[in-house]
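Reading through the structure tokens given below for one structure.
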There are 2 protein chains.
Amino acid sequence: MTSPTSDRRLRPTGTLAQQVSDDVRKRIGSGEFAANERLPSETALAAEYGVSRVTVRTALRTLESQGLIDVRHGSGSFVAGFGTQIRAGIQELRSMSETIRAMGHTPGMQRHSLTHRRATPEEEELLRLASGEAVLHIERMVLADRRPVAFSYDTVPARFFPPERAEHVGEASLFDDLDAAGIHPVRASAEIHAVVDPTIGWGSNRPKQGLYILLDQLHVDRQSTPVFFSKTYFAEGRFQFVVLRTR
Amino acid sequence: MTSPTSDRRLRPTGTLAQQVSDDVRKRIGSGEFAANERLPSETALAAEYGVSRVTVRTALRTLESQGLIDVRHGSGSFVAGFGTQIRAGIQELRSMSETIRAMGHTPGMQRHSLTHRRATPEEEELLRLASGEAVLHIERMVLADRRPVAFSYDTVPARFFPPERAEHVGEASLFDDLDAAGIHPVRASAEIHAVVDPTIGWGSNRPKQGLYILLDQLHVDRQSTPVFFSKTYFAEGRFQFVVLRTR
DNA sequence: TAGTGGTCTAGACCACCGC
DNA sequence: CGGTGGTCTAGACCACTAG
């Protein structure tokens, strides 16, 4: 559509498809599009936003994969029936704090330890380090409403950070620390495992059963260069992962 | 490309993008495209297959999400380094047998029990059944190379099947049974859980630790009508799930 | 700077749904 | 049947990579 007669204003962040996706999500959240209601047709949304239908479809696909809408061939797209519970799609890579906030809870982060040490041979290979290079190893507890929901063990090359900053790495968001250092992880390939290990974590609030979903992740930047890896243990029952599987 | 001068022959199964994706996967498997090698450019592939670049991109995105290739902006697409280990993307909805075969193993299926009974109130709501309707409940063991890798508990409305067929449901692929009955599940929304439960499963080969990844799934057809639900317990350590997470 | 992938467009045709 | 989503095309321009 070249005539912007009815363009809805978009926050110019990221790709057009992301902007549309964000805006529709906002309109769902605000109640403008209520549960089980039909969204405007793809053609109508394209006209309203002043973008092509392909772009609208890309945006809707994102919302679908997050379980927010339900796209039905021949009928339309519908706001998903609840229940109200905000679910985290496992395909989305976001900082833990973001994810928890999006779930409607108050995030917290507690760094348990920070170690500066030489990389092991395995770490050297995984992160493509020079021989003898140093890494920072960080152990953190992730809280939602002051309750531990995950324990994360992260390993990142020490050279990313100037010495005066290194000691503060991981006090809050590791993603933010990396961004500030000009390192931008954008993807992670993750293995999903079930783990029982009572030695995982620390503190008195730690889940007693020691049952976790482990995401064993290697984060890479846009060039697929390894940036850091992490093992994050999500306490079963305190964190819900959802995935939309398609044929 | 309208001139099919160099069309590579494709198996006319599914969408064009799927055909391209399948063919490139085959060429990777055959070694024509070796590990860490660069694939032909998207433009070149589009010309070779006689399809648009958009279609090639859709196909490559699928392979990327399965961890088979590595797409790098400005450089090209590369066959992922192995590993040799064949991995199953959690976003793909396929029958267990298909998945195991694709992993390079010999699939097997053993039905442990088949129960015809009235649906519980919860099942009625989940599957949108009429009051008092009957369901089939099936318990099966999934084998790879004769070794149990998963236990599946499936519940499906009894009315899908004529009486003479009902007793054979789930002896092999439930997907096939449903297809034959004109029911076509195409998507599943799944919750992912970690479970420890020694009462899961049966038989002498059952994993002793009783540790599983549970996929709690509701399968729906194209109209998002619930078709059946299943709880599938994948033995930790015998089955590997992978997911590509993106920002 | 040449070549690659990243994004977007306008338009087309098909398959499916519900009236 | 009209309206919806599903798929595909040809072309365009941009951002990134590497020599």
Side-chain angles (χ1 to χ4, degrees), chain A residues 1-4 7 10 12-22 24 37-65 69-79 182 184 186-187 220-225 246-247, chain B residues 1-4 7 10 12-21 24 37-65 69-79 182-184 186-187 220-225 246-247:
Chain A
M1 301 296 171
T2 48
S3 61
D7 276 19
L10 290 172
T13 306
T15 68
L16 252 185
Q18 284 170 355
Q19 296 171 33
V20 171
S21 161
D22 286 343
V24 173
E37 251 184 29
R38 222 199 67 192
L39 294 183
S41 75
E42 295 179 352
T43 311
L45 285 173
E48 179 176 359
Y49 286 112
V51 301
S52 79
R53 204 186 129 207
V54 174
T55 302
V56 168
R57 281 182 60 72
T58 303
L60 293 186
R61 191 164 299 250
T62 299
L63 297 175
E64 184 190 35
S65 79
I69 67 170
D70 189 14
V71 183
R72 302 178 204 162
H73 191 176
S75 304
S77 295
F78 297 79
V79 178
H184 306 291
V186 296
R187 291 183 303 173
V220 300
D221 65 14
R222 224 176 303 232
Q223 288 77 51
S224 294
T225 306
T246 53
R247 213 175 187 180
Chain B
M1 301 300 170
T2 48
S3 63
D7 274 21
L10 290 172
T13 306
T15 68
L16 253 185
Q18 284 168 355
Q19 296 170 33
V20 172
S21 160
V24 173
E37 250 184 30
R38 224 200 65 191
L39 294 183
S41 75
E42 295 180 352
T43 311
L45 285 173
E48 179 177 358
Y49 286 111
V51 301
S52 78
R53 204 186 128 208
V54 175
T55 301
V56 169
R57 280 181 61 70
T58 303
L60 293 187
R61 191 164 301 248
T62 300
L63 298 176
E64 184 191 33
S65 79
I69 66 170
D70 188 14
V71 183
R72 302 177 204 163
H73 190 176
S75 306
S77 296
F78 296 78
V79 178
I183 312 279
H184 306 291
V186 296
R187 291 183 302 171
V220 300
D221 66 13
R222 224 177 299 232
Q223 288 77 51
S224 293
T225 306
T246 52
R247 213 175 187 179

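Here is the naming used below: chain letters follow the sequence lines, and residue numbers restart at 1 for every chain.
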It should be established whether B/T55 places a side-chain nitrogen or oxygen under 4.0 Å from OP1 or OP2 of nucleotide D/dT7. no

Which of these nucleotides, C/dC8, D/dC8, C/dG18, is closest to any side-chain atom of A/T15? C/dC8

In whole angstroms, the gap separating P of C/dG5 from CZ of A/R187 amounts to 13 Å

For A/I69 against A/L60, the heavy-atom pair lying closest together: CD1-O, 3.5 Å

Taking OP1 and OP2 of D/dA18, is either one under 4.0 Å from a side-chain nitrogen or oxygen of B/S75? yes

Within this structure, what is the OG1-CG distance for the pair A/T62 and A/D22, rounded to the nearest 0.5 Å? 9.0 Å

Any chance you could measure B/L16, atom CG, to B/L10, atom CG, to the nearest 0.5 Å? 7.0 Å

Taking the side chain of B/R38 as its heavy atoms from C-beta onward, which of C/dC8, D/dG5, C/dT4 lies nearest to it? C/dT4

How would you list, by chain and number, every residue that makes a side chain to side chain donor-acceptor pair (under 3.5 Å) with B/S77, sequence neighbours excluded? none

Could you please name the option among C/dC8, C/dG6, D/dC8 that lies closest to any side-chain atom of B/L16? D/dC8

Testing the basics here: between A/A17 and A/A59, what is the closest heavy-atom pair and its distance to 0.1 Å? O-CB, 3.4 Å

Distance in angstrom units between B/D70 CG and C/dG5 P, rounded: 12 Å

Nucleotide D/dG5, atom P - distance to CD of A/E42 in whole Å: 4 Å

Separation of D/dT4 P from A/L45 CG (nearest whole Å): 11 Å

Considering only nitrogen or oxygen atoms on both sides, find all protein atoms under 3.5 Å from nucleotides 11-14 of chain C and state each distance.
from	atom 1	to	atom 2	distance (Å)
C/dA12	N6	A/R53	NH1	3.4

How long is the span from the OG atom in B/S21 to the CD atom in B/E64, to the nearest 0.5 Å? 12.0 Å

Give the stems involving DNA chain D, where a stem is 3 or more consecutive Watson-Crick or G-U wobble pairs (i with j, i+1 with j-1, and so on) under 3.5 Å. C:1-18 with D:1-18

Closest non-hydrogen atom pair between A/D221 and A/V186, with its separation: C-CG2, 3.7 Å

Below 4.0 angstrom from OP1 or OP2 of D/dG6, is there any side-chain N or O of A/R57? yes

The side chain to side chain donor-acceptor pair (under 3.5 Å) partners of B/H184 (sequence neighbours excluded) come to B/D179

Taking only residues two or more places apart in sequence, or in another chain, which ones meet B/R53 in a salt bridge (Lys or Arg N to Asp or Glu O under 4.0 Å)? B/E42

Separation of D/dG6 P from A/L60 CG (nearest whole Å): 9 Å

Answer with base, sugar-phosphate or nothing: what part of the nucleic acid does A/S77 contact at a heavy-atom distance below 4.0 Å? sugar-phosphate

For A/R72, the salt bridge (Lys or Arg N to Asp or Glu O under 4.0 Å) test, sequence neighbours excluded, returns A/D70

Whole angstroms only, please: what is the CZ-P distance between B/F78 and C/dG5? 9 Å

Distance check needed: C/dG5 P versus B/E64 CD, whole Å only. 12 Å

Whole angstrom value for the distance that separates C1' of D/dC8 from OH of B/Y49: 17 Å

